[in-house]
Amino acid sequence: MTQEEQTEYRVNHKEDIRVTEIVRLKQIKIARPDWQIYSSTQLGNKIIEEIGENSQETLLLLGLDTKNNVTVLSNLFVGGLSSATIEPRAIFQILILNNCARFIIAHNHPSGDTTPSKNDIAISNRLKKLGELMEMQLIDHIIVSDTLYTSLAEEKYLI
């Protein structure tokens with residue numbers, strides 16, 4: 001192979017890898033395109049089924065289209081017994097790649113107490129403000145246990 005052919009091969013190969021990685025990321029993230037959100041009660045029950053019994057805090061991201069169909073459901077972060085790290089950059093990367101108009105975040109409290117912590121409220125409002133800048137509306141933040149849920153939107157914590 002000549003040097004020119006090797007250079008051309010490397011360039012083409014790198015482009016193939018990038019395209020493959022983007023496609024793979026999108027394929028991994030789309031999990032429940034048949035979900036549609038009608039109410040926080042319906043959503044709370046679905047989230048309880050997904051992560052309510054997890055022994056570690058788990059954060060879900062639900063990206064929605066303009067008709068509130070779930071276009072992406074991502075199990076984004078898993079934490080310890082009492083916390084999970086939330087990275088806004090990772091959240092918005094997924095939302096942008098999946099053309100989401102709105103989003104919902106949800107996580108579980110393994111303790112069974114769905115009362116939002118000060119940190120839960122603060123990160124929710126931070127994500128809401130960031131979403132407004134990106135023209136993506138944070139609809140709700142749902143906290144679940146194995147049987148209960150709390151909607152921060154219903155409880156008027158989202159300002």
Test item: L61 and V72 side chains (from C-beta on) under 4.5 Å apart, heavy atoms: no
Which atom of D120 lies closest to which atom of H109, heavy atoms considered: OD2-NE2, 3.2 Å
I159, CD1 atom: more than 12 neighbouring heavy atoms under 6.0 Å: no
NZ on K129 to CG on L158, rounded to 0.5 Å: 11.0 Å
Worked verdict on T150 versus Y157 for side chain to side chain donor-acceptor pair (under 3.5 Å): CA-CA 11 Å; T150 297; Y157 285 111; over 6 Å; no
Rounded distance (nearest 0.5 Å) linking atom CG of L64 with atom CG of N69: 8.5 Å
Heavy-atom check, side chain of D146 versus side chain of I48, under 4.5 Å: no
Side chain to side chain, L60 and L76, heavy atoms closer than 4.5 Å: no
Heavy-atom check, side chain of N68 versus side chain of R102, under 4.5 Å: yes
Smallest separation among heavy atoms of P110 and Q56, with atom names: CG-C, 3.8 Å
D140 versus S151, side-chain donor and acceptor atoms under 3.5 Å: yes
Residue pair N99 / T71, side-chain heavy-atom distance below 4.5 Å: no
Student check: side-chain heavy atoms of P88 and R126 closer than 4.5 Å: yes
Inter-residue atom distance L130.CG - F92.CZ, 0.5 Å rounding: 5.0 Å
Nearest-0.5 Å distance, OG1 of residue T114 to NE2 of residue H107: 9.5 Å
Shared hydrophobic cluster, I47 / L148 (ILVMFWY, side-chain heavy atoms < 4.5 Å): no
Candidate pair E154 and Y149, rule side-chain contact (heavy atoms from CB on, under 4.5 Å), full reasoning: CA-CA 11 Å; E154 281 183 359; Y149 81 92; 3.9 Å; yes
Qualifying residue, where the test is side chain to side chain contact (heavy atoms under 4.5 Å, CB included) with Q93 and the options are I96, L95, L97, I91: L97
Neighbour count >12 (heavy atoms, 6.0 Å) for atom CD, Q42: yes
Interatomic spacing from OG in S124 to CD1 in I142 - rounded to 0.5 Å: 10.0 Å
Value rounded to 0.5 Å, distance of CD in E50 from CG in N108: 11.5 Å
Side chain N98, main chain C100, donor-acceptor under 3.5 Å: no
Donor + acceptor pair across side chains of N119, S117 (<3.5 Å): no
